[in-house]
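Numbered from 1 within each chain, the chains take letters A, B, ... in sequence-line order.
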Amino acid sequence: MDSLEPVRRVEIIDRLRAAYPGSAKELCALKFESPFQLLIATILSAQCTDERVNAATPKLFQEFPTPQDMSLANREDLESLIYSTGFYKNKAKNIIDMTNVLVSEYGGRVPDTMEELSGLPGVGRKTANVVLSVAFSKPGLPVDTHVLRLSLRLGLTKEKDPVKVERDLMSWMPEAEAGGFSLRLILHGRQVCSARKPKCDQCVLEDLCPSSTLA
DNA sequence: ATCCCGAGGG
DNA sequence: CCCTCTGGAT
């Protein structure tokens, strides 16, 4: 391990914050007005763009404002409301099962710990970390496909398992930075460091990146 | 064809 | 570790 590596990490964090300023809540592209709405929106975001989730959720939350309402939803009605987000059968079943647990185990409230959140039906570690960091401003580093790809390209990890990547990054990440760092990597991954053709000539991290395609 | 802020089951 | 679930944009 290079003795300058900690300096490089801090520089990466700082440059991303300068390029994509704002809090985790402000950087989150999903529209929500409560932890419950963010939880549902994040479940719907699996293999689906945020814009399509945002197109579906207003009507969904209007029909079913509370966990109680959603737990009692007719399955077909729910499926038709979330159809365009894909995986609609799984998602509808998970949402009904999950909201039933919210009502029966948590008094209709969304819990705010990793253990409780990731124990909910259809809520994995990535979704739990989104809710923790964005809705509750707690330490949490969601590792999605972008965070995984950029972390590998930047040489911040050698792991390919999202859980191991999260552990790698959190071993040195300031806890207050984790959520924002994840959102910024996602934005940077979409706009600059894309999967197919990364725009290294437009990248603010170019001189810090071992995968740069530039001279 | 490939990708999008995944999770559960085998 | 692998597979499956899925529509929509590019």
Side-chain angles (χ1 to χ4, degrees), chain A residues 16 20 22-32 35 37-57 59-60 75-76 78-102 114-136 138-154 156-157 159-166 169-170 173 177-199:
Chain A
L16 284 174
Y20 310 97
S23 65
K25 193 167 294 189
E26 291 165 340
L27 292 167
C28 180
L30 294 171
K31 291 191 295 187
F32 67 99
Q37 291 191 357
L38 179 62
L39 175 56
I40 297 297
T42 308
I43 289 172
L44 294 179
S45 73
Q47 295 299 299
C48 173
T49 60
D50 294 335
E51 299 85 273
R52 245 175 318 124
V53 174
N54 290 335
T57 47
K59 195 170 295 180
L60 177 66
R75 188 175 304 275
E76 284 75 30
L78 186 53
E79 284 179 359
S80 67
L81 281 167
I82 66 174
Y83 179 81
S84 63
T85 67
F87 294 162
Y88 63 93
K89 286 178 180 293
N90 285 343
K91 288 174 180 176
K93 171 178 169 36
N94 286 149
I95 285 171
I96 290 175
D97 291 348
M98 189 275 290
T99 48
N100 268 294
V101 176
L102 286 186
M114 171 58 72
E115 296 72 27
E116 295 172 308
L117 282 167
S118 60
L120 295 170
V123 180
R125 194 166 182 94
K126 185 258 171 181
T127 299
N129 271 321
V130 171
V131 173
L132 284 175
S133 61
V134 177
F136 293 119
K138 288 192 163 193
L141 183 64
V143 177
D144 74 326
T145 173
H146 296 290
V147 176
L148 182 61
R149 181 180 72 254
L150 269 66
S151 296
L152 282 166
R153 283 181 177 169
L154 285 164
L156 296 175
T157 185
E159 302 290 349
K160 291 164 186 68
D161 170 24
V163 177
K164 294 178 181 173
V165 173
E166 179 190 337
L169 298 194
M170 287 305 286
M173 179 75 53
E177 298 286 345
F181 186 74
S182 172
L183 269 323
R184 292 184 185 105
L185 281 188
I186 291 166
L187 288 170
H188 196 61
R190 290 206 289 237
Q191 298 173 17
V192 180
C193 193
S194 48
R196 305 284 189 73
K197 284 180 55 182
K199 301 166 184 164

Quiz item: Starting at CG of A:Leu148 and ending at P of B:dG6, how long is that distance when rounded to a whole Å?
Solution: 11 Å
Quiz item: Measuring from A:Ser182:OG to A:Glu166:CD, what's the distance to the nearest 0.5 Å?
Solution: 9.5 Å
Quiz item: Mind checking the P distance from C:dT4 to B:dC5? Whole angstroms is fine.
Solution: 24 Å
Quiz item: Any side-chain N or O of A:Thr127 under 4.0 Å from OP1/OP2 of B:dC5?
Solution: no
Exercise. Calculate, to the nearest 0.5 Å, the distance between atoms CD1 and OG1 belonging to A:Ile40 and A:Thr99 respectively.
Key: 6.5 Å
Exercise. Check the distance between B:dC5's P and A:Leu141's CG and give it to me in whole angstrom.
Key: 16 Å
Quiz prompt | Minimum-distance nucleotide to A:Arg52 side chain [options: B:dC4, C:dC5, B:dC5] | solution = B:dC4
Quiz item: What orientation do A:Tyr20 and A:His188 show, parallel under 30°, tilted 30 to 60°, or perpendicular over 60°?
Solution: perpendicular
Quiz item: Phosphate oxygens OP1/OP2 of C:dG7: is one of them under 4.0 Å from a side-chain N or O of A:Tyr83?
Solution: yes
Quiz item: So what does A:Leu30 touch, heavy atoms closer than 4.0 Å: a base, only the sugar-phosphate, or nothing?
Solution: nothing
Quiz item: Base, sugar-phosphate, or nothing: which does A:Gly124 touch, judged by heavy atoms less than 4.0 Å apart?
Solution: sugar-phosphate
Quiz item: Below 4.5 Å, heavy atoms only, C-beta onward: do A:Leu44 and A:Leu60 meet side chain to side chain?
Solution: yes
Quiz item: Is a donor-acceptor contact shorter than 3.5 angstrom present between the side chain of A:Lys126 and the base of B:dC5?
Solution: yes
Quiz item: Does the A:Ser133 side chain pair with the main chain of A:Asn129, one donor and one acceptor, at a distance under 3.5 Å?
Solution: yes
Exercise. Under 4.0 Å between any heavy atoms, over every strand shown, what does A:Pro162 touch: base, sugar-phosphate, or nothing? Just pick one.
Key: nothing
Quiz item: Is there ring stacking between A:Phe87 and B:dG6, where the centres must be under 5.5 angstrom apart and the planes under 30 degrees?
Solution: yes
Self-check item: Contact under 4.0 Å: A:Ser84 side-chain N or O vs C:dG8 OP1/OP2
Solution: no
Practice problem: Quick one: label A:Val123 by what it contacts on the DNA or RNA (base, sugar-phosphate, nothing), any heavy atom closer than 4.0 Å. | Solution: sugar-phosphate
Practice problem: Using whole Å, report how far NZ of A:Lys93 lies from C1' of B:dG9. | Solution: 12 Å
Quiz item: Reckon A:Arg190 has a side-chain N or O less than 4.0 Å from the OP1 or OP2 of B:dC5?
Solution: yes
Self-check item: Separation of the P atoms in B:dT2 and C:dC3, to the nearest angstrom
Solution: 16 Å
Quiz item: Below 4.5 Å, heavy atoms only, C-beta onward: do A:Arg125 and A:Pro162 meet side chain to side chain?
Solution: no
Quiz item: Between B:dC3 and A:Arg196, is there an OP1 or OP2 to side-chain N/O distance shorter than 4.0 Å?
Solution: yes
Self-check item: Whole-Å gap separating P (B:dG8) and CE (A:Met98)
Solution: 11 Å
Quiz item: What is the distance from atom CD of A:Glu177 to atom CZ of A:Arg184, rounded to the nearest 0.5 Å?
Solution: 7.0 Å
Quiz item: To the nearest Å, how far apart are A:Gln47 CD and C:dG8 P?
Solution: 15 Å
Quiz item: Of the nucleotides C:dT6, B:dG6, B:dC5, which has the atom closest to the A:Lys89 side chain?
Solution: C:dT6
Quiz item: Which residue, A:Thr145 or A:Ser118, contacts DNA chain B at a nucleotide closer to its 5' end, judged by nearest heavy atom?
Solution: A:Thr145
Quiz prompt | Between C1' of B:dG6 and CG of A:Leu120, the distance in whole Å | solution = 15 Å
Quiz item: Which whole number of Å gives the distance between the P atom of C:dT6 and that of B:dG10?
Solution: 16 Å
Practice problem: Could you pick out which residue, A:Gly122 or A:His146, lies toward the 5' side of DNA chain B when each is mapped onto its nearest nucleotide? | Solution: A:His146
Quiz item: CG of A:Asp161 versus P of C:dC1: gap in Å, rounded?
Solution: 7 Å
Quiz item: Tell me: CD of A:Glu51 to P of C:dT10, nearest whole Å?
Solution: 9 Å
Quiz item: Think A:Arg149 has a side-chain N or O under 4.0 angstrom from the OP1 or OP2 of B:dC4?
Solution: yes
